Amino acid sequence: MGTTLDSGSQSQEDGGARMLTFNLRKSWSAFGPRFRRITLLEAPPEECTTDISVDEASSVTLDTPNILVGTSRGVVPHLSCDHCNSADAIGWISVPLESFTEQSLPVPILQKGPDPLRTFLGFDKRIHIVSLYFRDPMDTREMPPNGNTYVSALCVRGVRKVALSDWREYAYKLKPDIVFALSDTPFTTPPYSQKRVTKRVKRSISWFTDMLRPLKRSVPILLSVSIGATLSASS
């Protein structure tokens, strides 16, 4: 599930408004893949509204099925930025922010400009969609439970607690193409009690709702839905 937050007038520093569309590309058979097309539109700063015209916007288009490329501290394993920018197979890059939380202020936030995260990591805006997670969805190591107002993050200095308000501020300052809202996914050994599953759902909805409060710029918000971080929990 996802949405796009509206924004009012913006400065050049804030960059353009972004809108994510997910449309049917062609029909499929009962047992075939679902062919769809993901398009990320970015309007110029002076045209920053949610009524974005394709003629007035730059866009990145990906056909599905496709891959979501994971990173470690913003780096695709075994590939340089030049490799990523020249590889046709890499279109959507996922950046977990938790690996930068060893400092009270994550290092990428110090980057200036209209696209701080993309500039800091060196990905080409003409060919890549760069999304921002807080926790790495591919890291299934056990973690301490989250609280109502904070999320546990794993970095090189161990486990840190990051407040929900801080995550919202980080997402605004880094200006990614897409932000994944926080989800209270249990990173502990299943099975999970009904009480824990209910608490997870309530927290995730509450955090997602908080993320939908108006920001100063338009950004697509997605919510990752899963019962747990292990294979048995997701089945």
Side-chain angles (χ1 to χ4, degrees), residues 1-7 10 14-45 47-71 76 84-85 87-97 114-115 117-118 121 123-138 167-168 171-172 174-185 201 204-205 207-215 217-227 234:
M1 61 187 300
T3 188
T4 302
L5 295 187
D6 192 14
S7 65
Q10 297 170 312
D14 288 335
R18 293 174 171 88
M19 174 175 287
L20 186 70
T21 62
F22 189 53
N23 299 317
L24 178 67
R25 182 156 54 100
K26 67 177 182 178
S27 60
W28 59 84
S29 63
F31 301 102
R34 296 184 177 183
F35 296 103
R36 292 182 178 266
R37 177 161 291 168
I38 299 172
T39 303
L40 178 74
L41 302 175
E42 180 176 2
E47 301 292 340
C48 286
T49 68
T50 53
D51 298 324
I52 299 176
S53 169
V54 176
D55 295 333
E56 300 173 345
S58 61
S59 65
V60 178
T61 300
L62 300 177
D63 291 331
T64 67
N66 213 304
I67 59 174
L68 182 65
V69 180
T71 61
V76 178
C84 292
N85 291 336
D88 295 336
I90 298 178
W92 189 326
I93 298 173
S94 172
V95 180
L97 189 63
D115 290 296
L117 183 63
R118 189 189 300 275
L121 300 178
F123 296 123
D124 192 334
K125 69 180 299 181
R126 298 169 297 177
I127 57 178
H128 293 140
I129 295 175
V130 178
S131 60
L132 185 67
Y133 277 92
F134 181 69
R135 285 234 62 218
D136 187 350
M138 289 173 279
W167 163 245
R168 179 181 167 85
Y172 166 67
L174 288 173
K175 302 178 175 64
D177 296 325
I178 299 169
V179 174
F180 279 85
L182 294 175
S183 178
D184 186 27
T185 303
V201 172
S204 298
I205 293 175
W207 296 348
F208 181 62
T209 303
D210 179 73
M211 199 68 186
L212 293 180
R213 289 188 294 110
L215 290 170
R217 61 186 298 272
S218 180
V219 56
I221 306 289
L222 299 181
L223 177 63
S224 178
V225 179
S226 62
I227 296 176
S234 301

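The residues of the chain are indexed from 1 along the displayed sequence. What you see is a predicted model; the values in this text were computed from it and never measured.
Relative to the ring axis of Phe123, Lys125 does not place its NZ or CZ within 45° and under 6.0 Å from the centre.
When side chains are defined from C-beta on, Ser131 does not count as touching Pro176, because their heavy atoms never get closer than 4.5 Å. A heavy-atom distance below 4.5 Å is found between the side chains of Leu97 and Leu174.
Residues passing the side chain to side chain contact (heavy atoms under 4.5 Å, CB included) test with Ile127, sequence neighbours excluded: Asn85, Asp124. Applying the side chain to side chain contact (heavy atoms under 4.5 Å, CB included) test to Ser204 and every residue at least two apart in sequence or in another chain returns Ser183, Asp184, Arg200. Trp92 meets the ring-ring contact (aromatic ring centres under 6.0 Å, His included) test with no other residue; sequence neighbours excluded. Partners of Thr39 according to the side chain to side chain contact (heavy atoms under 4.5 Å, CB included) rule, which considers only residues two or more places apart in sequence or in another chain, are Thr21, Arg37, Leu41, Ser59, Thr61.
Separating the CZ atom in Arg36 from the CG atom in Asp63 is a distance of 12.5 Å, to the nearest 0.5 Å. A distance of 11.0 Å separates CE in Met211 from CG in Leu222, rounded to the nearest 0.5 Å. Expressed to the nearest 0.5 Å, how far CG of Leu62 lies from NE2 of His128 amounts to 9.5 Å. Rounding to the nearest 0.5 Å places CD1 of Ile178 at 4.5 Å from CG of Leu20. Interatomic distance, CG of Leu212 versus CH2 of Trp207, reported as 15.0 Å (0.5 Å rounding).
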Item to check | Test side-chain contact (heavy atoms from CB on, under 4.5 Å) applied to Asp210 and Trp167, step by step | outcome: CA-CA 11 Å; Asp210 179 73; Trp167 163 245; over 6 Å; no
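Arg118 places no side-chain N or O within donor-acceptor distance of the main-chain N or O of Asp177, the cut-off being under 3.5 Å.
Just one of Ile90, Val69, Leu121 meets the side-chain contact (heavy atoms from CB on, under 4.5 Å) condition when paired with Cys84; it is Ile90.
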